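For clarity, every value in this text was computed on a predicted model and none was experimentally measured.
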Amino acid sequence: QVHLVESGGGLVQPGGSLTLSCAVSGASVDLSAMGWFRQAPGKEREGVSCISSSDGSIKYADSVKGRFTISRDNAKNTLDLHMNSLKPEDTGIYYCAFATNLLAQLRPCSLGSSYAEWGQGTQVTVSS
């Protein structure tokens, strides 16, 4: 069984930085297709950044390119999201997701439904 637990969310001022971590049990982050999704109030869930296994290809949403960095920490078996230059529009609940199917491996972040396991989410609020 795969279990995901997000942490690191909180309140941060615009322009600040925050790092989210997803602790994974029951699978190796190095061998999995995983990603970070977020949902703002009144909006649909969107893919923020996803990474595949094998070649390790990475996908970023246009809105976060140049500001966010996704990475695996194989020693700790976590998936991390480093967020810089945060904006109020980054506010939302951030979810960690896991998949083993081919679609998620070949087209990371393309479809949320291709990710079978999800964490409970962690709240990120960017406000002055």
Under a 3.5 Å distance rule, please check whether [X] uses its side chain to pair with a backbone N or O of [Y] as donor and acceptor.
X    : Y   : answer
R45  : R38 : no
N77  : A27 : yes
T122 : S7  : no
D73  : T78 : no
Q39  : E46 : no
S49  : Y60 : no

Problem set entry | Aromatic contact, W36 with F68 (centres under 6.0 Å) | no
For this session: Name all residues meeting the side chain to side chain donor-acceptor pair (under 3.5 Å) criterion together with T91; count only those two or more places apart in sequence or in a different chain, and write none if there are none.
Result: none
Problem set entry | Residues that S17 engages under side chain to side chain donor-acceptor pair (under 3.5 Å), provided they are two or more places apart |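 S17 satisfies side chain to side chain donor-acceptor pair (under 3.5 Å) with N84 only.
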Exercise. Does the side chain of I58 come within less than 4.5 Å of I70's, by heavy atoms?
Worked result: yes
Problem set entry | Side chains of S127 and P14 in contact at under 4.5 Å (non-hydrogen atoms) | no
Exercise. Passes ring pair (Phe, Tyr, Trp, His ring centres under 6.0 Å), F98 versus W118? Steps please.
Worked result: CA-CA 6 Å; F98 169 95; W118 296 79; over 10 Å; no
Exercise. With the threshold set at 4.0 Å, does a side-chain nitrogen-carboxylate oxygen contact exist between R72 and D80?
Worked result: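 No, no charged N to carboxylate O under 4.0 Å.
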Exercise. Roughly how far apart are L81 CG and E6 CD, rounded to 0.5 Å?
Worked result: 11.5 Å
For this session: Give a yes or no on this: more than 12 heavy atoms of other residues, nucleotides or ligands lie within 6.0 Å of atom CD of Q13.
Result: no
